[in-house]
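Values reported hereafter were calculated over all heavy atoms of this structure, with side chains retained and with hydrogens, waters and symmetry mates removed. Counting starts at 1 for both ligands and their atoms, in listed order.
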Amino acid sequence: MKTIKVSIVTPNGPVYESDVEMVITKAQSGELGILPGHIPMVAPLAVGAVRLKHAGSKQEDLVAVSGGILEVRPEQVTILAQAAEKAEDIDVERAQKAKERAEQRMREQKAEDIDFRRAELALQRAINRLTVTGKQ
Ligand code: ATP
């Protein structure tokens, strides 16, 4: 069965590297499934989960990605992310606290304020992390 190489890289270094059957990402334009041999493309990513399906098994890895750039070549997918964590590396308590902080800030700010938008993005990151761990 054909596979495609995947690297997820952040400013702090590589987070995930594997050969997989399929990569599912959340681009800003919507969900995107990538199989080996995909045409070359570059797309901005939203805050979301990256799902990595392994060949010949139902096993799937999950990585929480906080936005970035997706680059696809026929044999390689590269994700340059602002931040990314494998499901097993996510600190649930930290994400829960970040979620509560963001919700509190959103209650204190007006919807048009820059700080409201910042809190909204922080909330998206926290919810994404909790979703990836299955704790949300
Ligand atoms: P916090 O307010 O908890 O720092 P944040 O969304 O502001 O959350 P980021 O700026 O996205 O955090 O990330 C900063 C660094 O911390 C990154 O390296 C990211 O991978 C890591 N990180 C953030 N939250 C978690 C978490 N819940 N578990 C593990 N690593 C995390």
Out of [options], who gets a non-hydrogen atom closest to [atom]?
{"atom": "atom 16 (O) of ligand 1", "options": "Glu85, Gln96, Arg94", "answer": "Arg94"}
{"atom": "atom 9 (P) of ligand 1", "options": "Arg118, Arg129, Lys97, Gln124", "answer": "Arg129"}
{"atom": "atom 29 (C) of ligand 1", "options": "Val47, Val65, Asp89", "answer": "Asp89"}
{"atom": "atom 18 (O) of ligand 1", "options": "Leu123, Asn12, Asp91, Thr10", "answer": "Asn12"}

Separation between CD1 of Ile114 and CZ of Arg117, rounded to the nearest 0.5 Å: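 Output value for this atom pair is 12.0 Å.
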Backbone of [Y] reached by a side-chain donor or acceptor of [X] within 3.5 Å:
{"X": "Ser57", "Y": "Gln59", "answer": "yes"}
{"X": "Asp113", "Y": "Phe116", "answer": "no"}
{"X": "Asn128", "Y": "Gly48", "answer": "yes"}

Heavy-atom pair of closest approach, residues Thr10 and Ala84: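 Result for this residue pair: CG2-N, 3.6 Å.
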Co-membership, hydrophobic cluster, residues Val9 and Val6, 4.5 Å side-chain: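 Different hydrophobic clusters.
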Within-shell test, Arg101 vs ligand 1, heavy atom, strictly < 4.0 Å: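 Judged by the 4.0 Å heavy-atom criterion, Arg101 does count as contacting ligand 1.
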Identity and distance of the protein heavy atom lying nearest atom 7 (O) of ligand 1: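 Result: Arg125 NH2, 3.2 Å.
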Closest protein heavy atom to atom 17 (C) of ligand 1, given as residue, atom name and distance to 0.1 Å: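 For atom 17 (C) of ligand 1, the nearest protein heavy atom comes out as Ala83 CB, 4.0 Å.
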